[in-house]
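What follows is a short report on a single structure.
Reckoned from all heavy atoms, side chains included, excluding hydrogens, waters and symmetry mates. Protein chains get the first letters and strands the later ones, always in sequence-line order, with residue 1 at the start of each.
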Protein chains: 2
Amino acid sequence: MQYVTIKDIARALNVSVATVSRAFNDKYDIKKETRELILEKARELGYKPNPIARKLLQKHSYNVGVIVPEFINSFFPEVIIGIQQVFLEKGYQVIIMQSNESAETELENLISMENNMVEGLLISLSKDTRNMDYLEQLNRDRFPVVLFNRVNETLPVSKVVFNDYKWALFATEHLIEQGYKKIFHLSAPRCLTLSKNRINGFKKALEKHRLPCSEAQIIETGILIEDGERVMEQLISSGNVPEAIFATNDPCALGAMKALKKHGYKIPGDIGIVGFSNSKMTEIVEPSLTSVAQPTTEMGKIAARLLLEQITGTGNADPKTILMEGSLIVRNSSIREKQS
Amino acid sequence: MQYVTIKDIARALNVSVATVSRAFNDKYDIKKETRELILEKARELGYKPNPIARKLLQKHSYNVGVIVPEFINSFFPEVIIGIQQVFLEKGYQVIIMQSNESAETELENLISMENNMVEGLLISLSKDTRNMDYLEQLNRDRFPVVLFNRVNETLPVSKVVFNDYKWALFATEHLIEQGYKKIFHLSAPRCLTLSKNRINGFKKALEKHRLPCSEAQIIETGILIEDGERVMEQLISSGNVPEAIFATNDPCALGAMKALKKHGYKIPGDIGIVGFSNSKMTEIVEPSLTSVAQPTTEMGKIAARLLLEQITGTGNADPKTILMEGSLIVRNSSIREKQS
DNA sequence: TTGTAGGCGTTATCAC
DNA sequence: GTGATAACGCCTACAA
């Protein structure tokens, strides 16, 4: 790709490479005419500075990397928008890669990010990720890393997470307040920290209100519409339909709703539903879906600022965990007339 | 970030840098013991090869870039999955950037991609993009570029597009066959080629069936739920409600549906609706939404293969345009009992 | 104002 | 098997 170099220009003009170089970095003294002559020639030959060579000297790539497990759901795209807002403003470019929920691809992404000399990394772990060796090594080498949303408990780096426990508890309590008693939780893969926290919040709410709480009420489902649909179909065909469902995210809730409606169940009459992440679809579906709103773009901004602090060396270097709060948006899928 | 170099290792072990280098690239002869000694020392010092320096010699980055305008809608994420499938398999990493529908950010992305030495570029243009100078220059320099979905007519590079004209025509004809007469089209920004094609297909269908076809029936709307909702609200409040709507994408159609339902219109009784892109939501909403299915992931794969051909220099170098076909998935939002 | 020369970290081609 | 040394493309003291 790179054919023309400053040498070619220098040769063509019978000047030294240093002069040519200076013509492009105008902090040096250089005669206006030679300068223009050089720029002219450069244009003629189609010269473009080789960024690789430049980076070998200056140790600044002004790149940061973001690795997310997927962007089929709207959650991560929204977070990324926040990340970009912060970094573009500071002159950094954001390189995005997706691991496709595969630990293997994630590792490849990680290595590739390093090869591209990113100055810092924002990661949301894939659901398959168990091995933290590479990230641990990176962290030991004092490479700036911030985890968000899908985090690992043990890695001593800064993290930005949602208060999943609390809002799972609130969401479940809301269902309880509506008079639902047999409540199930459709969970994301249990290996994720956020799943554990939501499960714990769910359990706590049931306990607090002295409702039955068995492991059978927590069903590892997935995060796609199809997952919610499949699990709900199973529950229906096994005759084990709950009175209410707290789903780990909106697509999962929507899938469950789809199956329920297909089989003639009335929502919220027969069964109440609450989702998570307050996606656009909550207001499109009928009945509209009650959901926990998460500040996605804000989460991106906060994670980005945390990383920026590490990169620029400003602020406290100690890893911190930011716990973000949200709100429960109550819509029709969960409002049952109180039995008096 | 990069502190330890092969020089440090060489000094520490009293060997030459050449030997150290050889220890890492095992295609050369080197005594096993020295080799292990070096690797050991490298681990001890925390040495990592500098990929930048390496790239200066070998001109291969094994990176390709993808620039998309947004990934809030599921369309581009699905395309990207196809792109990744092709490139990961061939050992390339895919760098994703999003222009956020801004021509300025797109240009920054473009420059940044070059700085990261991608070997080729897949681009779907932002809706603001007018100036093609940079891309034209890139193309003149024989840099591999493939445009997909959001393309520019004049740029002589390979393109992968959907047959928007034909499927817009089919979608509109479907509404006509259902007996709808006053049909409106909610369009994406008109500057996009795909908008123009869909508009032309829409017009052609009306013409063919001798239905009225004025400019007022084509409303530049946008591509988000909010856009469809806003435009439909305006139509309703101005009393100018059509019998059917062909929307440029599903979110836009869903937004229109939301407004219509809110005001008590019956779908498909009072008004029929067809969307575009067959997103997951089509089956969640009530009534389910008729939509044109596009082979998104397949589009990504094809674009990726086209780019790969250019990068590796295999295949014909002439720019070609691949026209992709889809299908109309008829659901409830557009099925009216035939008037007899 | 311009040229010379050394260096960034690595690989590759020579010798030895 | 190993060590010099010259590249890769660019920048920058230092000299001239």
Would you mind classifying the nucleic acid contact of B:L57 as base, sugar-phosphate or nothing, using non-hydrogen atoms under 4.0 angstrom?
base

Rounded to whole Å, CG of B:N50 lies from C1' of C:dT11 at a distance of 13 Å

Take atom CD of B:E104 as the centre, draw a 6.0 Å sphere, and report whether it contains more than 12 heavy atoms from other residues, nucleotides or ligands.
no

For B:N14 and D:dA4, what is the distance between atoms CG and P respectively, to the nearest whole Å?
10 Å

Flag the pair A:E40 and A:R35 as a salt bridge only when some basic side-chain nitrogen lies within less than 4.0 angstrom of an acidic carboxylate oxygen.
no

Any base atoms under 4.0 Å from B:I6, or only sugar-phosphate, or nothing? Heavy atoms, all strands.
base

Going by heavy atoms closer than 4.0 Å, what residues in residues 15-25 of chain B are next to DNA chain D?
B:V15, B:S16, B:A18, B:T19, B:R22

Tell me: CZ of A:R35 to C1' of C:dT2, nearest whole Å?
15 Å

What contact category does B:K55 fall into here, base, sugar-phosphate, or nothing, at under 4.0 angstrom with non-hydrogen atoms?
nothing

Just report the end-to-end axis angle for the helix from C:dT1-D:dA16 to C:dC16-D:dG1, five pairs per end, to 10 degrees.
50°

With B:R54, which residues qualify under salt bridge (charged side-chain N to carboxylate O under 4.0 Å, His left out), at least two apart?
none

Could you state the atom-to-atom distance from NZ of A:K7 to C1' of D:dC8 in whole Å?
8 Å

Atom pair distance, as rounded to whole Å: CG in B:L56 and C1' in D:dC11
13 Å

Return the value, rounded to whole Å, for the distance between atom CD1 of A:I38 and atom C1' of D:dC11.
14 Å

How about A:Y47 and A:F24: are their ring centroids closer than 6.0 Å?
yes

Grab the CD1-P distance between A:I52 and D:dG9 for me, whole Å please.
12 Å

Using heavy atoms to find the nearest nucleotide of DNA chain D for B:K31 and A:A53 separately, return the residue whose nucleotide is more 5′.
B:K31

Is a salt bridge present between B:E106 and B:K127, judged by a nitrogen-to-oxygen distance below 4.0 Å?
no

Report yes if the distance between the aromatic ring centroids of A:Y92 and A:Y62 is under 6.0 Å, otherwise no.
yes

Is any side-chain N or O of B:T34 closer than 4.0 Å to OP1 or OP2 of D:dT2?
yes

B:K48/A:D141 salt bridge by N-O under 4.0 Å criterion
yes

Is there a side-chain contact between B:R54 and the phosphate of C:dG9, meaning an N or O under 4.0 Å from OP1 or OP2?
no

Would you please indicate if the ring centroids of B:F76 and B:F71 are separated by under 6.0 Å?
no

Measuring only between side-chain heavy atoms, which start at C-beta, is B:M97 closer than 4.5 Å to A:V94?
no

